[in-house]
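One structure is given here, and the rest of the page talks about it.
Each chain gets a letter, A, B and so on, in the order the sequences are listed, and its residues count up from 1.
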There are 2 protein chains.
Amino acid sequence: MTEDRQSTKCRLLDAAESLFAEKGFENVSIRELAAAAEVNVAAVNYHFQGKENLFHEVILRRFVIQRDKTLAALDDLLTETDGHPGVDQVIGILVRQHMEGALAGPGSASFLSLMARQMQPGHSHMAGTFFKEMVAPVYGSFSRAIIAARPGLKQEQLSWISASIVGQIHHFIMRWQKRQDLESDPESLQIMLRAFPPLGFSLSEYSEQVTEHIIRFSTAAIDGMYPEVTP
Amino acid sequence: MTEDRQSTKCRLLDAAESLFAEKGFENVSIRELAAAAEVNVAAVNYHFQGKENLFHEVILRRFVIQRDKTLAALDDLLTETDGHPGVDQVIGILVRQHMEGALAGPGSASFLSLMARQMQPGHSHMAGTFFKEMVAPVYGSFSRAIIAARPGLKQEQLSWISASIVGQIHHFIMRWQKRQDLESDPESLQIMLRAFPPLGFSLSEYSEQVTEHIIRFSTAAIDGMYPEVTP
DNA sequence: AAACACATTAAACAGATGTTTGAATATTGT
DNA sequence: ACAATATTCAAACATCTGTTTAATGTGTTT
């Protein structure tokens, strides 16, 4: 049946995404995967020709979703603002899209965990696809939006700015994920909360606060480094 | 012999640090480790009571070195400036210490690679030690130095600022490491270089440019968000 | 020199790993 | 309804994993 044919493949992809994000590629056995997806152990080799390939398809699928969502959101902003968005609005979209994809998704922490693992040595075969399909389009669209907001900015200045912004985003996401890991170690958790109080709130509050901070921090930096030339 | 007793242990630690940073904990077998260190396979269990423990000792050793270097550098700055450093100087020290530790070390990419792996799920038992021995002291000293530079800043504002700075540092280091991985894939490398030209330079030039950018970006942000109250 | 604790060694261990097999079952096209 | 194709399944495969063993070597102490 056509529906079932996708069913096992799809159940495998879902289970894999969740498990890989949670425990890491090397720490998930095919048998564990098969059990979680309620399929036979041979299914992963039958449908994906190996564990490695399954991993590739998992992150590719998630990347495409994330990319399209971000591109659409940037597009919407440009039309809504008649091509003249604010820097804060553009940055806000980038932050929110990443936060949602990383902390909301099915299984709570899927996208950025996967991406972090993808970034590790040993998985560099996927790096090419990742840059071509994910980084390049999103970065291009983001750059155009920022330039629409600040026509004076040069390409190289933009490279630095976006790197600083993305770096902050990933770091704040990582902090939340680490916070979750430390639930089992109350003493360490307390130390972490003392050093970074915002982690004491709920996920949605944390997301809001982080978003607002990155926007304020980054726009202030941009304004300070490259003052807007308003005639 | 006393000298040799340390020799195998030390060779094992060195080999482990390099291999773990390069390939990741799970992707290095004890036999591989033993071969690299030119010791017997049983040595790691004899001296470290297991692979996991060896990993702990490896990152603990590196963390202590890194922590002490950073604390000393911050201390020096405070005495040199009679307790009144500039924000840019304080940030500069944090950035430079991280860049050196991450990109210079023996085996080229040791410290931050290890730290990134340590941050992964499954190694949370070390997270407690990490926060108590590494994050807390460095963050405390860094905070005091920043407050010495900007007496008006509140603790919570400091939390956000330092998170943004550390996030940038880690991200720029990660970019350089990923750039190295892509040497074998010229096409992807070219895409990466087009999106982020600074990676086209040498490591030392990259470090300098990154340091300068983070300092400028972050001080501009701080100045913009929390204007200095100069009477 | 004998006794001692420590270190190194090659070999073996038990278990988990990814993958393959070949038969059984289900789905499809005609 | 029948043949052809696609999928599922339990079992077996070879290999690699971390760890242990028991024997041998090494330097120090008595």
### Task
Take the protein atom CG of A/Asn45 and the nucleotide atom P of D/dA11, then report the distance between them rounded to whole Å.
18 Å
## Note on the structure
Taken to the nearest whole Å, NE2/A/His47 to C1'/D/dC9 is 12 Å
### Task
Find the distance B/Leu54:CG to D/dT19:P and express it as a whole number of Å.
10 Å
### Query
Does A/Tyr206 have its ring centroid less than 6.0 Å away from the ring centroid of A/Trp176?
yes
### Task
Figure out the CD/C1' separation between B/Gln49 and D/dT21, and round it to whole Å.
17 Å
### Query
Can the positive tip of B/Lys51 be found less than 6.0 Å from the middle of the six-membered ring of B/Phe25, inside 45° of the ring normal?
yes
### Query
Atom CZ of B/Phe55 to atom P of D/dT19: distance rounded to whole Å?
14 Å
### Query
C/dG18 C1' sits how many Å from A/Asn27 CG, rounded?
15 Å
### Task
Check whether NZ of the Lys or CZ of the Arg A/Lys9 lies under 6.0 Å from the centre of the six-membered ring of A/Phe48 and within 45 degrees of that ring's axis.
yes
For nucleotides 11-17 of chain C, tabulate all protein N/O to nucleotide N/O atom pairs closer than 3.5 Å, reporting atom names and distance.
none

#### Entry: Aromatic plane relationship, B/Phe63 with B/Phe130 - under 30° parallel, 30 to 60° tilted, over 60° perpendicular
tilted
#### Entry: Distance, rounded to the nearest Å, where A/Phe48 contributes CZ and C/dT19 contributes C1'
16 Å
### Query
Side-chain N or O of A/Thr8 less than 4.0 angstrom from OP1 or OP2 on D/dT7?
no
### Query
Does a donor on one side chain sit under 3.5 Å from an acceptor on the other, for B/Ser218 and B/Gln168?
yes
### Query
Taking CG from B/Leu19 and P from D/dG18, how many angstroms apart are they, rounded to a whole number?
12 Å
### Query
Considering only side-chain heavy atoms of A/Tyr46, which listed nucleotide, D/dT7, C/dA7, C/dT20, is closest?
D/dT7
### Strand DNA chain C in bracket notation, Watson-Crick/G-U under 3.5 Å with | for pairs to another chain
||||||.||||||||||||||||||||||.
#### Entry: B/His171 ring center near A/His170 ring center (under 6.0 Å)
yes
What donor-acceptor contacts under 3.5 angstrom involve side-chain atoms of residues 32-43 of chain A, with partners at least two apart or in another chain?
residue: A/Glu32; atom: OE1; partner: A/Ser29; partner atom: N; Å: 3.4
residue: A/Glu32; atom: OE2; partner: A/Lys23; partner atom: NZ; Å: 2.4
residue: A/Asn40; atom: OD1; partner: A/Ala42; partner atom: N; Å: 2.9

